[in-house]
Amino acid sequence: MTAAPPALQATRLRCEHMTAPVGVGSRHPVFDWTPVGQAGAQVAYQIIVASSAALAAAATGDVWDSGQVSGTEVVGIAYGGTPLRSRTRYWWTVRLWSGSVPGPYAAATTFETGLLEPSDWTASWIGAPGIHGPLLRTEFTVPADVTTARAYVAALGCYELRLNGAKVGDAVLDPATTNYDHDPALVDGEGKPARMIGARVLYATYDITAHLQAGGNGVGVMLGNGWYSAEEENGPGPLPRTPWGDGPRALVQLEVETSDGERIVVGTGGDWTVAAGPITFDDPVHGEVYDARREVPGWDGAGFDGAWEPATVVEPPQARLHGQDIPPVRVLATRAPVTDGPTASGARLLDFGQHHTGWTRITVSGPAGAQVVLRHAGEVDAAGELDDDANMGAWIQARQTDTYVLRGDGRETWEPRFTLHGFRYVEITAPPEVTVHEAVSCLVHSDLPQVGRFTCADPLLNQIHDNAVWSMRASLQGFPQDAAERAERVGWTGDPGWAVGEYLLNVDTLGFWRKWLDDLADAQLPDGRFPVVCPIHWRGSVELPAPDGYLVPADHDPMLHFPYGAWPDFSMTSYPAIAWALYEFYGDRSILARHYPGMRRGLEFMLSRTTDGILTTGLGDHMEPQADGTCSVFPQRTSRECTSTAWLYAVADIVAKSARVLGRTEDAAQFAGVAAEVRDAFTARFLNVDSATYDSGSQTAAALALWLGLVPDEHRAAVLAALVADIERRDGHLDTGTMGTAALQHVLPAEVMHRVATRTTFPSWGHQIAQGATTIWETWGGDPTFSRNMKLLVATEKFLFHDVAGLAPAAPGWSRIRVRPQLTGVLAHASAQVRTPRGIAAVEWTADPLQLTVTVPASSTAEVWLPAGSVPSVDGAAPADATTHPDSVRFEIGGGTHRITTL
């Protein structure tokens with residue numbers, strides 16, 4: 001007798017998209033899980049939240065029992081029970097239905113709330129005006145053994161928390177940067193006074209139970225400028241950034257419970273003391289200077305005896321405190337150099353073999369006061385010397401230089417704390433009496449797990465994929481950072497909106513993008529406009545003439561009012577585009593519900609700036625390739641009216657679809673009508689029916705119109721044919737900047753996109769690789785002074801995962817999956833894997849004859865499309881539902897791993 005298959009059961013339970021989080025900042029956290037077991041769709045669920053492990057094990061939801069809820073959602077289910085209490089641990093579990101009988105409850109897990117109410121904070125913000133690199137400390141006594149202890153830590157700038165002589169946690173560059181405060185000097189895009197909707201400072205929660213002891217304890221905090229304050233050389237801004245305050249500040253609250261029932265609270269305040277530390281210079285992009293002779297032994301422990309000044313209690317920011325509900329930035333790996341040797345100038349040059357973000361850790365010995373200088377850059381010049389043109393020749397320079405001053409007592413190991421570099425090479429200079437025993441690079445970015453894998457028979461495509469992943473990871477710094485090596489490391493609000501899909505296929509970024517959407521929501525103005533950079537670290541008006549040699553539009557206005565500039569195609573698109581992409585990929589309706597009001601306000605602002613349905617301002621198709629092998633910052637072939645109006649339609653369409661998903665039927669009808677009006681205006685203005693082209697006939701104009709759904713049905717085939725013909729006239733080359741490149745992979749036939757992707761001459765990804773690129777460059781040809789590591793042109797992954805490997809979602813949240821490899825007649829093999837919200841989905845195929853191994857999550861269904869003429873067999877039997885189409889054979893398979901062969 002065959003045993004019944006295991007019932008559907010939830011695994012990988014997460015709260016706020018983290019496993020057993022401590023310090024949850026939301027009063028209505030969201031839950032997600034992965035169904036496993038019997039193949040079949042989840043049709044209902046029941047969530048239990050309990051105040052103890054025993055109650056959760058008994059399925060007694062004394063805090064919340066959702067009851068049986070009909071629904072297929074596995075992500076973004078919001079807590080709906082009694083109000084959660086601060087600093088409280090809860091246990092939760094869930095069971096699933098795939099039919100009329102529920103499966104077993106999942107093994108219970110926990111989440112712990114942080115400080116949810118402003119009144120929970122008894123500590124005061126403190127700082128150290130006039131003291132650089134301050135060390136702040138206090139001591140306290142614990143009268144008995146510690147049973148539970150937490151530290152809640154916020155900072156304006158960056159911090160390192162220390163207890164009893166040791167660092168707490170492994171996060172670096174904490175907390176993630178946000179819009180820290182309301183700036184009274186803030187102006188809108190016309191230079192008029194403005195006030196954003198909100199401001200927010202994040203705090204981290206640490207379990208410090210093991211760090212404390214009965215008796216005396218010492219706590220200390222090291223502070224760095226981060227994005228809040230700046231060295232004097234920075235100036236008032238807006239470039240390279242606008243300081244929020246005159247020095248970093250900290251808010252620390254320790255809460256300790258002892259074995260005798262006592263509760264102790266230690267918070268920052270006027271009883272803390274401060275002194276200057278060993279960091280004498282720190283800047284997020286220029287680097288750090290650390291003088292080890294200024295170290296203060298024992299300052300972060302008990303029994304310290306030092307004549308320190310009282311810390312200064314400072315005014316709190318006009319911002320709400322919120323738990324940092326995303327994984328922090330960490331040092332995730334180290335890399336040894338692949339080459340290490342002297343240059344002609346006498347310096348020592350190390351090549352780490354890969355452009356990445358982080359810093360260099362050194363072990364040295366030598367006399368006290370000797371200096372070791374570390375200069376970081378992405379390239380070397382023809383003479384083999386460090387080439388820092390991409391960071392020091394850039395329009396906003398970054399020195400990327402760290403200096404360590406030895407204390408002189410044997411081997412000393414050091415790495416910076418409050419800076420970040422984008423580099424492949426480091427140049428080390430030191431006097432002869434100093435020995436550099438070891439130098440390794442530290443890979444630093446947000447600690448987000450890899451969820452996607454891709455490989456195929458073509459090494460060039462594999463390298464393009466690897467380069468894209470390295471650039472995406474470099475940008476994950478608590479916000480989507482721009483250039484890795486120059487000082488333009490702000491979060492531009494344009495390209496993330498059309499690159500977000502590349503991230504989702506490769507990295508678990510749901511929580512990351514949720515955080516940035518909240519940043520954008522805070523920074524929105526009441527009239528609906530969003531900033532061009534977020535968090536808004538560029539603030540103020542500046543006249544910025546274009547550099548010599550730039551091809552500038554005739555109506556270019558050099559006066560810019562940051563951060564709310566006149567580029568709606570960049571500033572207004574990412575917020576709705578990312579929210580919608582997260583819904584499509586994860587099936588998370590809670591994100592749409594949270595951000596729909598802001599999306600609607602943004603659309604209404606865009607509409608207020610139109611003339612006869614056309615949006616006339618914008619940055620346009622940035623980094624368009626030119627005949628001389630360079631790229632143009634401002635587009636030369638596609639009008640900004642065309643691209644901006646295309647994005648206006650896309651935003652209207654997203655708002656209409658979001659309203660429909662949320663059940664806002666009147667809004668859905670209204671904004672669908674708005675989208676139709678914009679589409680009609682776009683068609684009347686830009687479609688050239690005779691040539692089947694748009695605007696000036698550029699690839700970008702056609703690709704955007706096709707991708708975003710602006711081409712009338714009767715013209716789609718002709719417009720696509722004209723686009724393909726243009727590519728073939730260019731020997732298979734694209735001719736697009738960032739917007740057009742993002743669109744190409746969504747509209748081109750796979751064979752044509754393959755031809756584009758495998759070019760090795762300008763402009764192409766292969767041309768970058770031929771010149772030594774290990775990441776995606778800012779420009780197609782590696783123009784001097786431009787970045788060698790940026791997400792701007794990473795639009796490759798949809799093609800590689802969906803078309804080459806043949807793995808794609810066919811419904812929100814991957815409840816349906818499409819398996820349709822497109823290049824089985826071109827490549828010998830390919831494979832891809834994605835950890836979807838419902839579990840692992842994977843495809844591996846080999847050609848001639850075509851054979852596939854397909855893994856489908858338990859609660860998903862896959863539709864398989866094979867080339868016409870295929871006679872398929874699934875796990876040894878012919879599929880009963882196979883249907884024949886003009887170019888394919890289609891059938892469906894359920895959850896599990898299946899072997900598909902063809903004749």
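Remember, it's a predicted structure, so these values are computed and weren't measured experimentally.
Of all non-hydrogen atoms in Gly497 and Ile578, the two that sit nearest each other are CA-CG1, 4.1 Å. Closest approach of Thr610 to Leu607, counting heavy atoms only: OG1-O, 2.8 Å. Gly565 and Val532 get closest at one heavy-atom pair: N-CG1, 3.9 Å. The nearest pair of heavy atoms linking Ser471 to Thr775 is OG-CB, 3.3 Å. Summarising the geometry of Gly618 relative to Asp569, their closest heavy-atom pair is CA-OD1, 3.2 Å, with the distance given to 0.1 Å. Scanning both residues, Gln477 and Val444, for their nearest heavy atoms gives NE2-O, 3.2 Å.
Atom CD1 of residue Ile536 and atom CZ of residue Arg241 lie 15.0 Å apart, to the nearest 0.5 angstrom. Trp33 contributes atom CH2, which lies 4.0 Å from atom CD1 of Ile77 (distance to the nearest 0.5 angstrom). From Tyr503, atom OH reaches atom CZ of Phe585 across 14.5 Å, with rounding to the nearest 0.5 Å. The distance from the OG atom of Ser608 to the CG atom of Leu603 is 10.0 Å, given to the nearest 0.5 Å. Note that CG of Leu710 and CZ of Arg716 are 9.5 Å apart. Values are rounded to the nearest 0.5 Å. For the atom pair SG of Cys158 and CG of Asp174, the computed distance is 8.0 Å after rounding to the nearest 0.5 Å.
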(message) If you apply the rule ring-ring contact (aromatic ring centres under 6.0 Å, His included), what do you find for Trp516 with Tyr575, and how did you get there?
(response) CA-CA 9 Å; Trp516 197 53; Tyr575 185 71; 9.2 Å; no
(request) Please lay out, stage by stage, how Arg200 and Asp519 fare under the test salt bridge (charged side-chain N to carboxylate O under 4.0 Å, His left out). (result) CA-CA 8 Å; Arg200 185 169 104 266; Asp519 292 340; 2.9 Å; yes
(message) Trp814 vs Tyr586, test: side-chain contact (heavy atoms from CB on, under 4.5 Å). Steps then yes/no.
(response) CA-CA 7 Å; Trp814 294 75; Tyr586 293 101; over 6 Å; no
(request) Start with the C-alpha gap between Arg486 and Glu778, add the side-chain angles, then the distance that decides, and say whether salt bridge (charged side-chain N to carboxylate O under 4.0 Å, His left out) holds. (result) CA-CA 12 Å; Arg486 65 172 180 260; Glu778 181 180 11; 2.7 Å; yes
(request) Begin with the C-alpha distance, continue with both residues' side-chain angles, and end with the deciding distance and a verdict on salt bridge (charged side-chain N to carboxylate O under 4.0 Å, His left out) for Glu190 and Arg609. (result) CA-CA 13 Å; Glu190 287 75 49; Arg609 297 306 175 101; 3.4 Å; yes
(request) May I have the step-by-step check of salt bridge (charged side-chain N to carboxylate O under 4.0 Å, His left out) for Lys791 and Asp495, ending in yes or no? (result) CA-CA 8 Å; Lys791 62 187 182 300; Asp495 48 286; 3.3 Å; yes
(request) Give the intermediate values and the outcome of side chain to side chain donor-acceptor pair (under 3.5 Å) for residues Asp621 and Thr638. (result) CA-CA 7 Å; Asp621 195 27; Thr638 309; 4.8 Å; no
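You'll find the side chain of Val74 reaches within 4.5 Å of the side chain of Pro35, heavy atoms only. Taking 4.5 Å as the limit, every side-chain heavy atom of Asn789 sits out of range of all side-chain heavy atoms of Trp470. Side-chain contact check for Asp588 versus Leu582: every heavy-atom pair is 4.5 Å or farther apart. Val187 is not listed as a side-chain neighbour of Tyr564, based on a closest heavy-atom distance of 4.5 Å or more. Contact annotation: the side chain of Trp492 never approaches that of Ser574 to less than 4.5 Å [non-hydrogen atoms, C-beta and beyond]. Put simply, the side chain of Met572 does not reach to within 4.5 Å of the side chain of Val651, judged on heavy atoms. Between Tyr203 and Pro175, every side-chain heavy-atom pair lies at or beyond the 4.5 Å cut-off. Between Leu792 and Met623, the closest side-chain pair of non-hydrogen atoms falls below 4.5 Å.
A donor-acceptor pair shorter than 3.5 Å can be found between the side chains of Ser787 and Glu485. A donor-acceptor pair shorter than 3.5 Å can be found between the side chains of Arg473 and Gln450. Side-chain contact of Ser639 with Asp695: a donor-acceptor pair under 3.5 Å is present, judged by distance alone. At a cut-off of 3.5 Å, with distance as the only test, a side-chain donor of Asn506 or Glu797 sits close to an acceptor on the other residue. Inspection of the Thr573 and Trp498 side chains reveals no N or O donor paired with an N or O acceptor under 3.5 Å. A donor-acceptor pair shorter than 3.5 Å cannot be found between the side chains of His561 and Asp188. In this model, a donor atom of one side chain and an acceptor atom of the other lie less than 3.5 Å apart for Tyr596 and Asp667. Inspection of the Ser571 and Thr493 side chains reveals no N or O donor paired with an N or O acceptor under 3.5 Å.
Judged by distance alone, the side chain of Ser859 and the main-chain N or O of Gln42 form no donor-acceptor pair under 3.5 Å. Of the possible polar contacts, one joining the Ser446 side chain to the Leu476 backbone as a donor-acceptor pair under 3.5 Å is found. Put simply, the side chain of Arg514 never gets that close to the backbone of His17: no donor and acceptor are under 3.5 Å apart. With Glu16 contributing its side chain and Val30 its backbone, the two residues share a donor-acceptor pair below 3.5 Å. Within the 3.5 Å criterion, the main-chain N or O of Leu662 finds no donor-acceptor partner in the side chain of Arg589. Between the side chain of Gln324 and the backbone N or O of Ala176, at least one donor-acceptor pair lies under 3.5 Å. A donor-acceptor pair under 3.5 Å is absent between the side-chain atoms of Trp777 and the main chain of Met790, judged by distance alone. Between the side chain of Ser698 and the main chain of Ala701, a donor-acceptor pair closer than 3.5 Å is present.
Of the charged side-chain nitrogens involved, at least one lies within less than 4.0 Å of a carboxylate oxygen, so that Asp518 and Arg594 count as a salt-bridged pair.
Separation of the Phe605 and Phe530 ring centroids does not fall under the 6.0 Å cut-off.
Taking the six-membered ring for Trp and thresholds of 30 and 60 degrees, His537 and Trp227 have nearly parallel ring planes, at less than 30 degrees apart. Taking the six-membered ring where the residue is Trp, His28 and Tyr79 present tilted rings, their angle falling between 30° and 60°.
Only one option out of Lys798, Gln745, His465 pairs with Glu502 in a side-chain hydrogen bond (donor to acceptor under 3.5 Å, both in side chains); it is Gln745.
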